[in-house]
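The block underneath contains the structure these notes are about, expressed in structure tokens.
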Amino acid sequence: MIDPRLLRDDPDQVRTALRRRGESPAVVDALVAADAARRASIAAFEALRAEQKQIGKQVARAQGDEKAELLARTKALSAQVKEADAAQGAAVAEYDGLLRALPNLVAPEAPEGGENDFVVLDTVGTPRDFAAEGFEPRDHLELGELLGAIDVERGAKVSGSRFYYLTGVGAQLELALVQLAMSTAATWGFIPMIPPALVRPRAMEGTGFLGQAADDVYHLEKDDLYLVGTSEVPLAAYHSDEILDAASLPLRYAAFSPCYRREAGSHGKDTRGIFRVHWFDKVEMFTYTTLEESWAEHQRLLGWEREWLDLLELPYRVIDVATGDLGSSAVRKFDCEAWVPTQGRYREVSSTSNCTEYQARRLDTRVRTAGTDGTTPAATLNGTLCAMTRTIVALLENGQQADGSVRVPTALQPFVGEVLEPIR
RNA sequence: GGAGAUGUCGCAUAGUGGCCUAGUGCGCCCGCCUGCUAAGCGGGUUGAGGUUCAAACCUCUCGAGGGUUCAAAUCCCUCCAUCUCCGCCA
């Protein structure tokens with residue numbers, strides 16, 4: 001959630017952010033009113049409660065008639081306190097509910113608009129000219145089947161549409177990517193992590209995924225647990241209810257986990273192959289830092305994502321995602337999009353978001369600086385290092401040769417060899 | 001899944017309904033003292049919220065949430081976590 005003081009001190013800034021996201025700023029008025037009601041009810045309760053405590057002390061000392069009289073007074077007061085307490089609880093819950101439903105602010109630099117209003121920041125590498133090379137490129141599924149790497153038919157048989165098996169070199173390719181990504185991240189100073197992929201509601205809610213994205217989340221009713229759509233969730237919740245020492249920041253984690261997405265509302269989109277699936281594995285980067293440092297850290301995360309794509313020798317571009325397409329937690333987001341030859345366009349393979357204090361406030365992760373009083377909320381950022389399925393799509397399609405074999409980038413050759421050969 | 005025990009301030013502990021405004025020790029911070037260090041002496045040491053120009057005051061916080069009571073760390077219920085034993089199991 002955002003800083004509640006901002007609602008009192010500068011509500012227009014909140015209205016502007018909502019407008020830039022393409023949402024109605026009307027909730028701000030409701031929030032300001034709810035805040036006033038909350039404070040009034042707290043003051044009313046506290047006054048009554050203070051009186052009750054005061055009399056309670058006298059009761060303990062009093063004797064006989066005096067005691068009986070005090071008891072009569074305080075008995076009536078007790079009912080009032082109970083009532084005021086309930087009213088306060090309701091007012092706080094009302095305010096808190098509205099505040100949590102509010103998305104984060106928006107970075108002033110983020111381009112305004114919807115999904116198509118992104119700004120291209122950079123383009124790296126040159127897509128191959130298959131016409132000049134004299135052959136028609138195969139798509140990743142065709143290549144995957146030739147190589148014995150991807151089996152979507154049996155995925156669908158066993159688990160349904162948008163499921164797959166990685167087989168043979170496909171399985172080896174994923175393991176190679178995981179190993180390379182985790183060890184590379186470790187050299188950059190990230191702490192390797194393997195987090196739980198099943199979390200409690202608190203973690204899911206705290207990261208902001210039960211708002212606009214709720215339909216995309218798998219929920220296990222019987223146990224009230226959620227399957228995470230990204231390890232951002234268990235990583236953001238990792239330090240919940242903790243106060244971090246400022247000297248320990250930035251804290252960087254690289255986590256390998258499965259990701260589960262219902263893909264509600266994307267029926268008919270990317271139905272072929274493993275580009276858009278209900279489950280995939282991913283290595284995710286995550287940083288805890290301060291608000292002041294978050295902007296520079298966001299650039300660093302983007303830098304590491306780019307370094308990774310360079311390592312995989314993929315042509316890609318970087319876009320600055322428009323305000324209307326940001327998640328509710330992010331104030332700014334950069335996507336890296338790899339070239340997909342058979343689609344003739346760049347498609348998202350990684351994404352990095354600056355969530356500023358939004359998640360940390362919800363999950364109660366604070367920072368204490370030695371020599372200063374009090375605490376401040378931490379800032380959190382996340383970035384994809386390697387989403388397995390989409391990376392495999394890009395590697396196969398961009399590395400393919402006329403005979404259906406696939407040339408492997410140098411960095412992966414120690415794991416799977418120089419060329420993946422068709423098995424038939 | 002079954003049976004039982006436990007959960008108090010950074011750590012360790014005291015606290016079985018009102019003098020708990022949660023004590024004590026250790027650790028930590030500030031100061032004093034002493035060639036240095038240690039020891040000793042004095043003070044401070046959870047976090048959040050509200051009123052307020054401020055100073056200050058008030059409220060909440062004893063794993064979490066409810067309940068009983070004029071009054072709850074203390075009694076009751078639910079949940080969570082940890083530990084012990086049994087069962088099952090990769």
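These values consider heavy atoms only, across backbone and side chains, with no hydrogens, waters or symmetry-generated copies. Everything quoted here is computed from the prediction, not taken from an experiment.
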Requested in this report: Measure the distance from CD on A:Gln88 to C1' on B:U59 and round it to the nearest whole Å.
Outcome: 8 Å

Query raised in the report: Roughly how far apart are A:Asp3 CG and A:Arg8 CZ, rounded to 0.5 Å?
Result: 9.5 Å

Query raised in the report: Can a side chain N or O of A:Arg5 be found less than 4.0 Å away from OP1 or OP2 on B:G49?
Result: no

Query - Any residue of residues 362-369 of chain A with a heavy atom less than 4.0 Å from an atom of RNA chain B - result: A:Arg366, A:Arg368

Query - Protein-nucleotide distance (A:Asp96, atom CG; B:G65, atom C1'), rounded to Å - result: 16 Å

Report task. Sequence neighbours left out, what pairs pass salt bridge (Lys or Arg N to Asp or Glu O under 4.0 Å) with at least one residue falling in residues 184-202 of chain A? Result -> A:Arg202-A:Asp241

Query - By ring pair (Phe, Tyr, Trp, His ring centres under 6.0 Å) - contacts of A:Phe190 (at least two apart) - result: A:Trp304

Query raised in the report: Would the number of heavy atoms belonging to other residues, nucleotides or ligands and lying under 6.0 Å from CD of A:Glu115 be above 12?
Result: no

**Report entry** d(CD1, A:Ile55; P, B:U69) in whole Å
**Finding:** 18 Å

Query - Within residues 154-177 of chain A or reaching into it, pairs that qualify as side chain to side chain donor-acceptor pair (under 3.5 Å) - sequence neighbours excluded - result: A:Asp151-A:Arg154

**Report entry** Closest to side chain of A:Lys53, choosing from B:G50, B:C60, B:A48
**Finding:** B:C60

Pairwise N/O distances under 3.5 Å, protein to nucleotides 70-72 of chain B:
unit_1: B:C70; atom_1: OP1; unit_2: A:Lys75; atom_2: NZ; d: 2.9
unit_1: B:C70; atom_1: O3'; unit_2: A:Ser78; atom_2: OG; d: 3.2
unit_1: B:C70; atom_1: O2'; unit_2: A:Thr74; atom_2: OG1; d: 2.9
unit_1: B:A71; atom_1: OP1; unit_2: A:Ser78; atom_2: OG; d: 3.0

Requested in this report: State the pairing partner of B:U16; accept Watson-Crick or G-U wobble contacts with both distances under 3.5 Å, and report none otherwise.
Outcome: none

**Report entry** Partner set under salt bridge (charged side-chain N to carboxylate O under 4.0 Å, His left out) for A:Glu153, not counting sequence neighbours
**Finding:** none

Query - Check against side-chain contact (heavy atoms from CB on, under 4.5 Å), A:Val419 and A:Gln401 - result: CA-CA 10 Å; A:Val419 177; A:Gln401 304 179 108; 3.9 Å; yes

Query raised in the report: What does A:Arg8 touch in the nucleic acid at a heavy-atom separation under 4.0 angstrom: a base, only the sugar-phosphate, or nothing?
Result: sugar-phosphate

Query - For A:Arg21, salt bridge (charged side-chain N to carboxylate O under 4.0 Å, His left out) partners two or more places apart - result: none

Report summary line: By ring pair (Phe, Tyr, Trp, His ring centres under 6.0 Å), A:Tyr238 pairs with (sequence neighbours left out) A:Tyr253

Query raised in the report: For B:G65, which nucleotide in any strand shown is its Watson-Crick or wobble partner with both distances under 3.5 Å?
Result: B:C77

Query raised in the report: With both distances kept under 3.5 Å, what pairs with B:A38, Watson-Crick or G-U wobble?
Result: none

Query raised in the report: Is there a Watson-Crick or G-U wobble partner for B:C60 with both distances under 3.5 Å, and which nucleotide is it?
Result: B:G47

Query - Selection from B:U59, B:G47, B:G49 that lies nearest to any side-chain heavy atom of A:Phe45 - result: B:U59

**Report entry** Under-4.0 Å side-chain N/O to phosphate OP1/OP2 contact, A:Arg38 with B:G50
**Finding:** yes

Query raised in the report: Now, which nucleotide makes the Watson-Crick or G-U wobble pair with B:G1, with each of the two distances under 3.5 Å?
Result: B:C86

Query raised in the report: Does a side-chain N or O from A:Thr375 land closer than 4.0 Å to OP1 or OP2 of B:G47, or not?
Result: no

Query raised in the report: Counting only Watson-Crick or G-U wobble pairs whose two distances fall under 3.5 Å, which nucleotide matches B:C11?
Result: B:G25

Requested in this report: If B:C53 has a Watson-Crick or G-U wobble mate with both distances under 3.5 Å, name it; if not, just say none.
Outcome: none

Determine all donor-acceptor pairs shorter than 3.5 Å in which one atom belongs to a side chain in residues 406-415 of chain A; sequence neighbours excluded.
unit_1: A:Arg407; atom_1: NH2; unit_2: A:Glu313; atom_2: OE1; d: 2.7
unit_1: A:Thr410; atom_1: OG1; unit_2: A:Glu313; atom_2: OE2; d: 3.2
unit_1: A:Gln413; atom_1: NE2; unit_2: A:Val408; atom_2: O; d: 2.8

